[in-house]
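Presented below is the structure to which this report refers.
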Amino acid sequence: MDAADQPWVQAALAAMVVAWASAFVAIRGVGPYFSGGALALARLVVAALLLPLALIGRPWVRPHPREWLLVACYGAAWFGLYNVALNISEHTLDAGTAAMVVNVGPVLLALGAGWFLGEGITASLALGIALAFAGVALIGVGSGAGFGGRRMGVAWALLAAVAYSGGVLCQKVALRRLPSAQVTWLGCLAGLACCLPFGWQLAAEVRAAPARAVLEAAYLGAVPTALGFSLWTYALSKRSAARLGVVTYLVPPLVILLGFACFRECPTAIAIAGGILCLAGVAWTRRRPRMVPA
């Protein structure tokens, strides 16, 4: 059996999808009480305290200078910039729409993996990318958020997608030699360092926020960040970056259901059509050519 298809890898992916889907809804719930940078710092502080538990009893592998740079870039992009941009986007976008826009990230990831990791770019991948980007454009039109004025939600969500894809590419290279748990914790620390300027803002907002909002912020650090990223890193060490990125397209449908259940929010029909087009693009990128018998 292929290591990528072993039951514990599949179980890790399923748990990761649920954890990350819940993050979009939780971010939407605490949005009135926390700014984007402060919320990112809060969840990274919690995650940085929990992630070392996965290192207990495991040997420490000293990173080479190039690996330190890769881990720093991965952490700054995904733990830092991604979280800040996603938090800000959900101040103006519902959770489902934000999830659909952010999930153009796997398309960017597949493109980057083909270019930088040598995983190849086929005609099917190129056409799938075109379909997915057309779907994102349709989501932007259907969301009504626009790209100007005060409502910059779609632009911030796209920035989060770019940060996600760039971070994963750096992470995948670092995982060639370094243990997955170690890479995740060091990346979290790098993201935490980038978010430290929001410290005073976080302190003020924690004092003013209700206890429920503070607990939800702690949940974001414990489950979607510490647990979710640990599961992702483990699975990434077993699968290709492009193949694993496709799995995250299960997140938006689940987010839409959770968002409607919690807030009675739902993306517009045009935005949902764009999301379906994105999924069609991803399905096309996974299409394998027919084998012609000799």
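As the structure is a computational prediction, the values presented were derived from the model and not from experiment. All values below come from the heavy atoms of this structure, side chains included, with hydrogens, waters and symmetry mates left out.
- The backbone N or O of A222 sits nowhere less than 3.5 Å from a side-chain atom of T225 that would complete a donor-acceptor pair.
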Worksheet entry | I56/L53 under side chain to side chain contact (heavy atoms under 4.5 Å, CB included): CA gap, chis, key distance, verdict | CA-CA 6 Å; I56 296 176; L53 297 176; 4.1 Å; yes
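- Put simply, V251 and L231 are part of the same group of oily side chains (I, L, V, M, F, W, Y) that touch within less than 4.5 Å, one to the next.
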Check: residues 189-198 side-chain donor-acceptor pairs under 3.5 Å, at least two apart:
none

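- In this structure the side chain of Q201 reaches within 4.5 angstrom of the side chain of S35, judged on heavy atoms.
- Scanning both residues, A163 and A77, for their nearest heavy atoms gives CB-O, 3.3 Å.
- With values rounded to the nearest 0.5 angstrom, E67 atom CD is found 10.5 Å from R176 atom CZ.
- The CD1 atom of I256 sits 5.0 Å away from the CD1 atom of I272 when rounded to the nearest 0.5 Å.
- The cluster map of Ile, Leu, Val, Met, Phe, Trp and Tyr, joined by side-chain heavy atoms under 4.5 Å apart, puts V17 and Y164 in the same cluster.
- Side-chain N or O atoms of T92 include one that pairs as donor or acceptor with a backbone N or O of G153 at under 3.5 Å.
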Show me, pair by pair, the donor-acceptor contacts under 3.5 angstrom made by side chains of residues 127-139, not counting sequence neighbours?
none

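- With rounding to the nearest 0.5 Å, the separation of CG in L51 from OG in S230 is 4.5 Å.
- For the residue pair P224 and R43, the shortest heavy atom distance occurs at CB-NH2, 3.7 Å.
- Going from atom CG of N83 over to atom CG of L39 covers 8.0 Å, rounded to the nearest 0.5 Å.
- The salt bridge (charged side-chain N to carboxylate O under 4.0 Å, His left out) test applied to E205 returns no partner, not counting sequence neighbours.
- The ring-ring contact (aromatic ring centres under 6.0 Å, His included) pairs that include a residue from residues 19-44 are W20-W78, W20-F229, W20-W232, where partners are two or more places apart or lie in different chains.
- Applying the side chain to side chain donor-acceptor pair (under 3.5 Å) definition to pairs two or more places apart or across chains, those involving residues 23-32 are R28-E265.
- Under the 4.5 Å side-chain heavy-atom criterion for grouping Ile, Leu, Val, Met, Phe, Trp and Tyr, L50 is not connected to Y219 through any hydrophobic cluster.
- Under the 4.5 Å side-chain heavy-atom criterion for grouping Ile, Leu, Val, Met, Phe, Trp and Tyr, W68 is connected to Y74 within one hydrophobic cluster.
- Note that the CG atom of L220 and the CG atom of N87 stand 7.5 Å from one another [nearest 0.5 Å].
- Annotation: W60, atom CH2; neighbour count of heavy atoms from other residues, nucleotides and ligands within 6.0 Å is above 12.
- Identified under the side chain to side chain donor-acceptor pair (under 3.5 Å) test for residues 187-197, with sequence neighbours left out: none.
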Item to complete: Determine, step by step, whether E90 and V102 satisfy the side chain to side chain contact (heavy atoms under 4.5 Å, CB included) criterion, reporting the C-alpha distance in whole Å, the side-chain angles of both residues, the deciding distance to 0.1 Å, and the verdict.
Response: CA-CA 11 Å; E90 291 202 48; V102 167; over 6 Å; no
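- Residues V255 and F260 are members of separate hydrophobic clusters, defined by side-chain heavy-atom contacts under 4.5 angstrom among Ile, Leu, Val, Met, Phe, Trp and Tyr.
- The side-chain contact (heavy atoms from CB on, under 4.5 Å) with L178 is formed by just one residue from the set L186, V71, V173; it is V71.
- Expressed to the nearest 0.5 Å, how far CG of L70 lies from CG of L169 amounts to 10.5 Å.
- Of all heavy-atom pairs between V101 and A157, the closest is CG1-CB, 3.4 Å.
- Remark: side-chain polar atoms of R177 are not paired, donor with acceptor, to backbone N or O of A174 under 3.5 angstrom.
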